[in-house]
Amino acid sequence: MQIFATVLGGQPVQIKAPRAGAFDPVAFHATFPSGGVYGLDTESTAFTKLAQWDPDFRLRLVQIATKDTAYVLDMTDVHQQTAARNVLTDQANTFISHNNVDVLSAAVHLDADITRRNWDTLVLASMAFTDRMAGRDLKTLTTELIGPELEAAEAALEAHFYELYAAAHPELGKRKAAKDKVQRYGWDTVASDHPAYVLYAGLDAIAAHHLAEKLVPLTGATATLIETEMWLAGEANRIQLRGSLVDKAMLEELAAEANTAAGDAEAAILDLTGLKARSPKLIGWFGEHGAVWDAWESMGGDLTDTGNPSLAKDNAKLLSLFEMDEVGARVREAYLTFKAHQDKVLKTNAVREHLAPDGRVHSTLKTIGAATTARMSSTDPNMQNFSKEDPRTRGMFVPAPGHVLLSCDFDQVELRVVAALAGEQVMINAILAGDDLHTLSAERINRPRSIGKMANFLIVYGGGGRALASQARIPRDDADAAVSAWRAAYPAIASLNQRMMGLTSEIRTVSGRRLEVGKLKNGGSRAYANINYLIQSSARDLLVDAWHRFATAYGRADMVWMPIHDELVLEVPEELVEQVSREIEECMTFDFLGVPISATAAVLRDEAGVSRWGK
DNA sequence: TGCCCTTGCGCG
DNA sequence: AAAGCGCGCAAGGGCA
């Protein structure tokens, strides 16, 4: 066994790395008695798109640590693997790891489910440092809060990776290899017992332990809030482990159709213009062939953030209104085809790339991923932005056999949240009476319902007269007047907005979670966004609350398929649909500061009656 | 070629 | 007086 005596944060620590075939399980288990809290870290081969589900993924090391001793276990040794599994599966043990990677690896590659016995330091760090951790990562945070030894060990390992890479690629000569390639090569090939690897691996597991302890007080959160967030992170891991079943036939049909159509269109555009279909220069090219962009807004076209004509969604169809020359018309036709299929190409590509051998996509759900508001976010692929336009885009996801997908949406939750937080009695009365809030606003500002609706959303997003004027296509002074009227109509919300704008240090959501106040990239103030952060984030808290009740009071945790901000999509056994529909509606229906929050459940089925994901 | 930034667009 | 929010992702494009 290799034993390294070193220091972390100035304190002596020991790292023990048993040799394959020479492992003493008795000494190991004596170090980690049942009922403990242990730091956990794992090292593996480099990640691909399929991550732990890649057939070539190998779990290489598992490190388990007390606060001063780490064992670095070599997974090529079956005895060390068994020992790791024994400690991980012991239901009396709790673990602290740096993110979800170790939890997923343990589940997929050691058949050890610690999803409900793990504390995640990344979630704690995100709660403690609400400013996106001010650009820090867990390694630099460890240096700051504990000591420099882990980062030093990481640097030493990286130096070794460069040596390995250079030795394997002599043709490189003095040219510097791309860091990404070096890293990948290093993680794949470094010897399991190399001192730099073992030292770094062991220190990280010990550091997890210490980091959690330092971070908890820095979150400024109650024990309840921290436990809720740790629970939520665990549920997110369970969702990722379960994954989302893909209807491969539908995926391939959609991919083939979209790739053919978009590919032909792109080729035609390139042929006729010399430009790529997504080139920003294409706007100018159309201008030279008959498009009159100055008229775009008056034609009903939207602008992008930078003031260019937007060609998103229905906007593209407006191109047809231009009198174009012959080649312009041909390019336009190809461009419309390209736009109609572009999103389907991107999404089918994403699903294909992430489709695991088990026929599922195991997207990552970050429970505190939205740094600004802590809304949950989804990656690899992002399941929260699949288009609703073509039913096959969402429809390529299907429930497991014998199950249906069921969606339950909050009803206008953000407006209700702001009404409740502000104590806006006019609005609350309307909600209690079941009146339409957009009509209410329209009446109170003496404008059409459509303007009332826009004004309602604008205030939630912190917008003003300029935004209303551009969205509603009304004169600026009229829009300013409408905004003033809206504020006069809802004085309590206007007053809440004033209070939020006055905040300089932090915002507290309904759960007591801290948020950063609105800031511009250059550090300037964006105080007007504060009310939006409060609303968005509080709505997120309410969804998590409802989810927690669904999981605990009804024991339905494993039915949650995906949260989408104001909606929970469930995967429910066919025979329980009626019952679970009632349960989820009950969980998502409650009183919030005197305001009823409600939700509506619906089974998702396609036109043929087959349950698949949809709107 | 790699790296970084910007832009546009899907969802809520 | 003035201020539309939050994400993830792919592609374009400038630069070394």
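In what follows, every heavy atom counts, from backbone to side chain, and hydrogens, waters and symmetry copies are set aside. Numbers restart at 1 for each chain; the letters A, B, ... are given by sequence-line order, proteins then strands.
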When all nucleic acid strands are considered with a 4.0 Å heavy-atom cut-off, which category describes A:K181: base, sugar-phosphate, or nothing?
sugar-phosphate
I need the CG-C1' distance between A:L515 and C:dC5, as an integer number of Å.
13 Å
Heavy atoms from C-beta onward define the side chain here; which of C:dA10, C:dC5, C:dA3 lies closest to that of A:E353?
C:dA10
A:R540 versus A:T373, side-chain donor and acceptor atoms under 3.5 Å:
no
OP1, OP2 of B:dC9 versus side-chain N and O of A:K339: anything below 4.0 Å?
yes
Any A:Y533 side-chain nitrogen or oxygen under 4.0 Å from OP1 or OP2 of C:dC5:
no
Name the nucleic acid region contacted by A:S310, choosing base, sugar-phosphate or nothing; use a 4.0 angstrom heavy-atom cut-off, strictly under.
sugar-phosphate
OP1 or OP2 of B:dT7 less than 4.0 angstrom from a side-chain nitrogen or oxygen of A:T306, does that happen here?
no
Touch check for A:N308, heavy atoms < 4.0 angstrom, all strands: base, sugar-phosphate only, or nothing?
sugar-phosphate
Side chains of A:S538 and A:D541: donor-acceptor distance under 3.5 Å anywhere?
no
Gap in Å between the two P atoms, one belonging to B:dG12 and one to C:dG4, rounded:
23 Å
Give a yes/no on whether any side-chain N or O of A:R487 is located under 4.0 angstrom from OP1 or OP2 of C:dA2.
no
Going by atom types alone, do A:N456 and A:W486 pair a side-chain donor with an acceptor below 3.5 Å?
yes
Given the side-chain rings of A:F457 and A:H438, with only the six-membered ring counted for Trp, is the space between their centroids under 6.0 Å?
yes
May I ask you to verify if any side-chain N or O of A:K276 is less than 4.0 angstrom from the OP1 or OP2 atom of C:dG13?
no
Shortest side-chain distance from A:A178, nucleotide among B:dC9, C:dG6, B:dC3:
B:dC3
What nucleic acid atoms does A:D180 come within less than 4.0 Å of, heavy atoms only: base, sugar-phosphate, or nothing?
nothing
Using heavy atoms and a sub-4.0 Å distance, could you list which residues of residues 411-419 of chain A are near DNA chain B? By number, please.
none
Among C:dG6, C:dG8, C:dA3, which nucleotide sits nearest the side chain of A:H565?
C:dG6
Any N/O donor-acceptor pair, A:R466 side-chain to C:dG4 base, under 3.5 Å:
no
Geometric cation-pi criterion, A:R416 with A:F410: 6.0 Å, 45°
no
The side chain of A:T379 lies closest to which of these nucleotides: B:dC9, C:dA10, C:dG8?
C:dG8
Does a donor on one side chain sit under 3.5 Å from an acceptor on the other, for A:S378 and A:Q384?
no
Distance check needed: B:dG8 P versus A:I283 CD1, whole Å only.
8 Å
Quick check for you: among C:dG8, C:dG4, C:dG6, whose closest atom lies nearest to any side-chain atom of A:Y528?
C:dG4
Testing B:dG12, C:dA10, B:dG8 for proximity to the side chain of A:T304, the answer is B:dG8
Is it true that A:K366 and A:N100 share a donor-acceptor pair across their side chains at a distance under 3.5 Å?
no
Have a look at A:I535 and say if it touches a base, only the backbone sugar-phosphate, or nothing, with a 4.0 Å heavy-atom cut-off.
nothing
base_contact_polar (C:dG8 base, A:N382 side chain, donor-acceptor, <3.5 Å)
no
Quick check on C:dC5: is either OP1 or OP2 less than 4.0 Å from any side-chain nitrogen or oxygen of A:R540?
no
In whole angstroms, the gap separating C1' of C:dC9 from NE2 of A:H354 amounts to 10 Å
So what does A:L458 touch, heavy atoms closer than 4.0 Å: a base, only the sugar-phosphate, or nothing?
base
State whether the distance check finds a donor on one side and an acceptor on the other, under 3.5 Å, for side chain A:Q384 versus base C:dC7.
no
Starting at atom CD of A:E266, determine the distance to atom C1' of C:dA11, rounded to an integer number of angstrom.
10 Å
Would you kindly say whether A:S377 and A:N382 are connected by a side-chain donor-acceptor distance under 3.5 Å?
no
When you measure from the side-chain N and O atoms of A:K347 to the phosphate of B:dC9, is any distance below 4.0 Å, counting only OP1 and OP2?
no
Ignoring the backbone of A:Q536, work out which of B:dG12, C:dG12, B:dG10 is nearest its side chain.
B:dG12
Check this one for me: any side-chain N or O of A:S387 less than 4.0 Å away from OP1 or OP2 of B:dC11?
yes
Categorize A:Q342 for me: base, sugar-phosphate, or nothing, with a 4.0 angstrom heavy-atom threshold over every strand shown.
nothing
Taking side chain to side chain donor-acceptor pair (under 3.5 Å) as the test, write out the residues that go with A:Q52, two or more places apart.
A:S105
Minimal non-hydrogen separation, A:I445 against A:A485, with atom names:
CG2-C, 3.6 Å
Students often get this wrong, so: under 4.0 angstrom with heavy atoms, is A:S378 touching a base, only sugar-phosphate, or nothing?
sugar-phosphate
Does a nitrogen or oxygen in the side chain of A:Y461 sit under 4.0 Å from OP1 or OP2 of C:dA3?
no
Spacing of A:R526 atom CZ relative to C:dG4 atom C1', expressed in whole Å
9 Å
Minimum-distance nucleotide to A:M501 side chain [options: B:dG10, C:dG4, C:dA2]
C:dA2
Does a side-chain N or O of A:R278 approach OP1 or OP2 of B:dC9 to a distance below 4.0 Å, or not?
no
